[in-house]
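Shown next, in structure tokens, is the structure this report addresses.
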Number of protein chains: 2
Amino acid sequence: MQLNQATDYSFRVILHLTLKDTIVSAKELAEQEQVPMRFLLKILGSLVKAGILKSYRGQEGGYALAKDPKDITLLDVIEAMEGPIAINRCLTHQDYCSKRWTKVCPVHNVLGNIQKELVDDLSKHNFQDLINSYRSCQNE
Amino acid sequence: MQLNQATDYSFRVILHLTLKDTIVSAKELAEQEQVPMRFLLKILGSLVKAGILKSYRGQEGGYALAKDPKDITLLDVIEAMEGPIAINRCLTHQDYCSKRWTKVCPVHNVLGNIQKELVDDLSKHNFQDLINSYRSCQNE
DNA sequence: AACTAACTATACCATTTGAGTATAAATTGG
DNA sequence: CCAATTTATACTCAAATGGTATAGTTAGTT
């Protein structure tokens with residue numbers, strides 16, 4: 001019931017890129033966000049594949065957001081790093097449901113609703129909003 | 001971002017005990033809820049230690065709820081099996097927060113709120129309600 | 001065209017966690 | 001005392017997590 005270390009690192013990276021709003025090298029990201037270089041590269045690869053970041057090769061290359069930060073939600077990042085959210089196996093895999101979805105299971109139903117709310121919450125927050133609240137906080 | 005198998009088994013066990021409302025042997029629970037016997041015993045031990053179940057030794061022994069099903073919530077069971085919920089490490093362990101909680105981190109704050117809602121949802125559902133909705137469902 | 005700073009892909013490894021097993025001991029009712 | 005049951009501890013095996021290593025490919029600069 002916990003997000004990966006890699007997912008947490010992803011949050012930091014995307015915040016960093018949102019603030020800078022330019023191409024940033026993996027080296028700078030690794031140093032400033034305190035992520036092991038090699039591990040970071042792997043994470044960046046996943047984010048590129050998911051269409052959240054774009055990579056630029058060669059000298060002066062690096063990474064930048066692939067789209068407007070307003071269109072990147074917490075849910076997007078989590079699913080890019082960990083696949084679809086499923087708070088209980090029974091919600092996605094019949095094999096793990098003792099009732100095989102044949103009879104109504106009260107826990108199954110309630111967990112399904114709770115998960116829906118969680119996913120909803122996560123998709124409501126995009127990185128533009130996060131940065132805005134960050135800035136207004138710093139100005140106080 | 002997923003509950004343990006053991007937690008899911010716990011749900012089944014508690015539903016079973018709520019429906020029966022008597023002492024039930026580990027053997028019956030294992031067979032009817034399709035949980036490996038030895039593994040079930042370990043789980044039952046945790047639930048007893050957490051004060052959710054009571055155990056009865058000797059012949060005709062077994063397990064029963066330690067309190068009214070109205071006072072057992074989904075959250076209680078999850079925390080008994082997995083410890084306190086923390087959707088991100090940074091929420092509980094400073095070491096995992098790149099900002100060491102010194103500056104305000106926008107992700108930290110939002111995740112904290114989302115977690116609070118999740119915990120709230122989970123604690124709102126108790127097993128009496130679950131059973132009631134189950135029964136009304138079956139009568140249709 | 002060569003050089004070099006960057007990204008890319010694949011494979012590898014160590015540690016932790018998850019899921020389940022095994023053994024033996026303690027308890028209770030009859 | 002016996003048998004059915006719970007309790008405690010320790011073990012095993014596989015998968016996931018977190019991170020490394022190697023060997024490339026790309027593209028701007030000279």
Side-chain angles (χ1 to χ4, degrees), chain A residues 1-13 17 22-31 33-64 66 78 81-83 86-90 93 95-96 98, chain B residues 1-10 12-13 17 22-31 33-66 78 81-83 86-90 93 95-96 98:
Chain A
M1 204 58 184
Q2 200 163 60
L3 297 170
N4 285 343
Q5 189 71 0
T7 304
D8 187 54
Y9 288 155
S10 299
F11 292 148
R12 302 183 197 181
V13 164
L17 291 174
T22 67
I23 296 177
V24 177
S25 72
K27 197 178 167 205
E28 174 178 330
L29 290 170
E31 280 169 4
E33 298 301 332
Q34 306 177 48
V35 184
M37 182 62 172
R38 302 277 188 175
F39 192 39
L40 174 65
L41 289 173
K42 200 154 92 174
I43 292 166
L44 290 169
S46 304
L47 293 173
V48 168
K49 196 175 289 176
I52 293 172
L53 303 187
K54 275 178 75 175
S55 67
Y56 299 86
R57 293 192 171 206
Q59 255 177 230
E60 303 295 305
Y63 297 85
I78 293 173
M81 299 306 298
E82 325 198 0
I87 60 177
N88 200 9
R89 291 163 178 70
C90 75
H93 294 95
D95 314 353
Y96 285 111
S98 64
Chain B
M1 203 59 183
Q2 199 163 61
L3 297 170
N4 286 345
Q5 189 71 1
T7 305
D8 186 55
Y9 288 154
S10 298
R12 302 183 197 181
V13 165
L17 291 174
T22 68
I23 296 178
V24 177
S25 71
K27 196 177 167 207
E28 173 179 331
L29 289 170
E31 281 168 4
E33 299 301 331
Q34 307 177 48
V35 184
M37 182 62 173
R38 303 279 188 171
F39 192 40
L40 175 64
L41 288 173
K42 202 154 91 172
I43 292 166
L44 291 168
S46 303
L47 292 173
V48 169
K49 196 175 291 176
I52 293 171
L53 302 186
K54 275 179 74 175
S55 67
Y56 300 87
R57 295 191 172 206
Q59 257 175 229
E60 301 296 304
Y63 297 85
L65 297 185
I78 293 173
M81 300 306 297
E82 324 198 2
I87 59 177
N88 201 10
R89 291 161 178 72
C90 75
H93 295 93
D95 315 352
Y96 284 112
S98 64

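By convention in this document, chain letters (A, B, ...) are assigned in the order of the sequence lines, proteins followed by strands, and residues within each chain are numbered from 1.
Heavy atoms of A:Glu60 sit nowhere under 4.0 angstrom from any nucleic acid atom. At a threshold of 4.0 angstrom between heavy atoms, the contacts of B:Lys42 include nucleobase atoms, whether or not backbone atoms are also involved.
In this model, the phosphate group of C:dT8 is approached by a side-chain N or O of A:Ser55 to a distance below 4.0 Å at OP1 or OP2. Residue B:Tyr9 has a polar side-chain atom (N or O) positioned under 4.0 Å from OP1 or OP2 of C:dG20. Close to D:dG18, at under 4.0 Å from its OP1 or OP2, lies a side-chain N or O of A:Asn4.
Considering all non-hydrogen atoms of both residues, B:Met81 and B:Asn4 come closest at O-ND2, 4.4 Å. The shortest heavy-atom contact between A:Gly51 and A:Ala66 is O-CB, 3.4 Å.
With rounding to whole Å, A:Gln2 atom CD is found 14 Å from D:dG18 atom C1'. Counting to the nearest Å, the P atom of C:dT4 and the NZ atom of A:Lys27 are 16 Å from each other.
Among D:dT22, C:dT21, C:dT8, the nucleotide with an atom closest to any side-chain atom of A:Arg38 is D:dT22. Of the candidate nucleotides D:dG19, C:dA5, C:dT28, C:dA5 has the atom nearest to the side chain of A:Gln59. For A:Pro36, counting side-chain heavy atoms from C-beta on, the closest listed nucleotide (D:dG18, D:dT20, C:dC7) is D:dT20. Of the candidates C:dT8, C:dT21, D:dT20, the closest approach to any side-chain atom of A:Tyr63 belongs to C:dT8.
Applying the 6.0 Å contact sphere to CD of B:Glu28 captures more than 12 heavy atoms from other residues, nucleotides or ligands.
No donor-acceptor contact under 3.5 Å links the side chain of B:Arg57 to the base of D:dT5.
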